[in-house]
Amino acid sequence: MPDPAVPPTPPVALSALLAREDLGLRQIAGPQDTNTVIHWAHTSEMADPYPYLLGGELLLSAGVHIPEAARSGSLGDYFDDYVSRIVAAGGAALGFGLAPVHDTVPRALVEACDTYGLPLLEVPPQTTFSGVARAVWQLMAQARHAELRRVTEAQQSLAAAASRPDPVRAVLRQLAQRIGGWAVLYGPEGAESASAGRAPDGQGPEAASAGRAAEATAAGRAAEIAAAGREPGDVVRGALAELAAVVRPSGPGTPTSATDTAAGTHLAAYALGAGQGFVLGVAAPHRDTGDHTIASVAAVLLSLLTGEHQSGSGAARSSALVRLLLGAEPEAVAPLLGSGGWLVVHGSPDAQPCDPVAAAALGAALGSPLVDLARDVVRVLVPADREPAPQPGWTLGVSAPATARDWPAADTQAARALSRARATRAALHRHGTHRPALTDLLSPGEAEAHARALLAPLTPPLAETLRTWLSLHGSWDRTAVALAVHRNTVRQRIARCAALLGTDLDDPDVRMELWFALRHGER
């Protein structure tokens, strides 16, 4: 039977439910297995509960469904059929209530549960089924709280380990300690790069839920291992290495994680990052709730720690920076950053201000770690073969492809392209996609500074009136309609503008300069 679908909550140990003195439950049949767990409680009086079970339940019944003949003992086969169907549906245990129908648990039911290995609990008259269900959910909540606390503490310890000297081994040591097993980092070629914890010896117990079939399988594996003259630990190491090869990036559709069991030891493998080739392997004698989350956190940290080592880009960027500081020319250090041309991208976030995390995220989205955050603009140096695409929450300006010698000119182009994107409310604008304009001769910063200085004497209403009047070619009537004021009011405001600016608004050169300033002053 396939594994039952279970809720995203920790299971409850049957022994913990039996330990609740307020319930007074007593196990009277079935295996006394402390590893038995239940995922929920369900009440049913159906003679065949199979269609209504999902698996993992504590099924509660008062025996209302039992025929009269079965009560007298003449239909012993009834209980065999009833219990076998519960087991086939994946039920974890059966609770039988002594009230109000039955004074005792039918002996034939006890024998059937012993035959099929189903734990049978006697529910005393004073305990309601709803009380049992509530206790199950209370124990689940406690287990969930303990799991969250364990995962949180593990996340904190792993993050602290990542900041220590030799961080990769420190993270592996902390992970091995948290899962009580062995953690190993495999390199891109499949060899063990570093490891920590107790090396696997293949002596871990099989998962209790696997039952007798799993025990037989484990015994068979042990016999095969002995016949082959290999140690169980070697089998575990080999199986984990094979599992790591499965998740190592090899193209589209490659899984990012996988699990298995070998020689009674639980195995898991996690691919680190995109295309790095490193894989984290984990081997432990048991797999607790939350282990996957803890290992996933460690995988993320190791992805960050191994990414630079694998690609060598971090060392290359450091070398390029040092050479520039020591006087090298940009074209001399450009090969350290990659071959081919470059694009300069200026990005402005829609929600100000921009922080280093957002700037790094933009660089990652554009496919480049070469990021500079300056005030409210992020500059990214992107290889020319990676075509920048619009990014949600950003306005971008992109330069034309340039060599290292032309980086300063490309930076100016990106700034002007960003200014154009802002003016047209476009998500991205590329340099060279519009005809040359006079505004391209000045940087956005210089243009805004000139606009602020020229228009400083005007109040916002006067500036808006002047902008509208100029856009309508000096028409008094059309300006009055656009601003919803009287034409004489427009005349008075324009006269006031001319007086404050100390200029002749009939001069076309003056009008052009003011229009330029008003366009840039809008930002």
* **Side-chain H-bond candidate by donor/acceptor type, His346 with Asp411, under 3.5 Å** => yes
Going from [atom1] on [X] to [atom2] on [Y], what distance comes out if it is rounded to the nearest 0.5 angstrom?
{"X": "Leu466", "Y": "Arg496", "atom1": "CG", "atom2": "CZ", "answer": "13.5 Å"}
{"X": "Leu267", "Y": "Thr265", "atom1": "CG", "atom2": "OG1", "answer": "6.5 Å"}
{"X": "Arg511", "Y": "Leu518", "atom1": "CZ", "atom2": "CG", "answer": "12.5 Å"}
{"X": "Thr259", "Y": "Tyr270", "atom1": "OG1", "atom2": "OH", "answer": "8.0 Å"}
{"X": "His431", "Y": "Gln413", "atom1": "NE2", "atom2": "CD", "answer": "3.5 Å"}
{"X": "Arg198", "Y": "Ile179", "atom1": "CZ", "atom2": "CD1", "answer": "12.5 Å"}

For [X], all residues meeting side-chain contact (heavy atoms from CB on, under 4.5 Å), sequence neighbours excluded:
{"X": "Arg405", "value": "Glu331, Thr403"}
{"X": "Ser195", "value": "Trp182, Val184"}
{"X": "His42", "value": "Ser44, Tyr52, Leu53, Glu57, Leu59"}

Determine all donor-acceptor pairs shorter than 3.5 Å in which one atom belongs to a side chain in residues 499-508; sequence neighbours excluded.
from	atom 1	to	atom 2	distance (Å)
Asp504	OD1	Asp506	N	3.0
Asp507	OD1	Asp509	N	2.9

Salt bridge check, [Y] against [X]: does any charged N sit closer than 4.0 Å to a carboxylate O?
{"X": "Arg467", "Y": "Glu464", "value": "yes"}
{"X": "Arg323", "Y": "Glu329", "value": "no"}
{"X": "Glu153", "Y": "Arg150", "value": "no"}

* Check for a donor-acceptor pair, side chain of Thr152 on one end and backbone N or O of Leu148 on the other, with a separation under 3.5 Å. => yes
Residue pair [X] / [Y], side-chain heavy-atom distance below 4.5 Å:
{"X": "Arg173", "Y": "Gln177", "value": "no"}
{"X": "Leu240", "Y": "Tyr186", "value": "yes"}
{"X": "Trp515", "Y": "Ser471", "value": "yes"}
{"X": "Val380", "Y": "Leu370", "value": "no"}
{"X": "Glu192", "Y": "Arg237", "value": "yes"}
{"X": "Val345", "Y": "Leu362", "value": "no"}
{"X": "Leu381", "Y": "Val371", "value": "no"}
{"X": "Leu302", "Y": "Leu172", "value": "yes"}

* Asked: Can you name the closest pair of heavy atoms from Ala271 and Val247 and give their distance?
  -> CB-O, 3.3 Å
* Asked: Do any pairs count as a side chain to side chain donor-acceptor pair (under 3.5 Å) and have a residue in residues 154-165, sequence neighbours left out, and if so which ones?
  -> Ser157-Gln174, Ser157-Arg178
* So Trp407 and Trp342, would you call those rings parallel, tilted or perpendicular, with 30° and 60° as cut-offs? -> perpendicular
* To do: Please check if atom CZ in Arg134 has more than 12 non-hydrogen atoms from other residues, nucleotides or ligands closer than 6.0 Å.
  => no
* Asp406: what forms a salt bridge (Lys or Arg N to Asp or Glu O under 4.0 Å) with it, not counting sequence neighbours? -> none
* With ring pair (Phe, Tyr, Trp, His ring centres under 6.0 Å) as the test, would you mind laying out the steps for Trp137 and Trp40 before giving the verdict? => CA-CA 8 Å; Trp137 288 112; Trp40 35 42; 7.9 Å; no
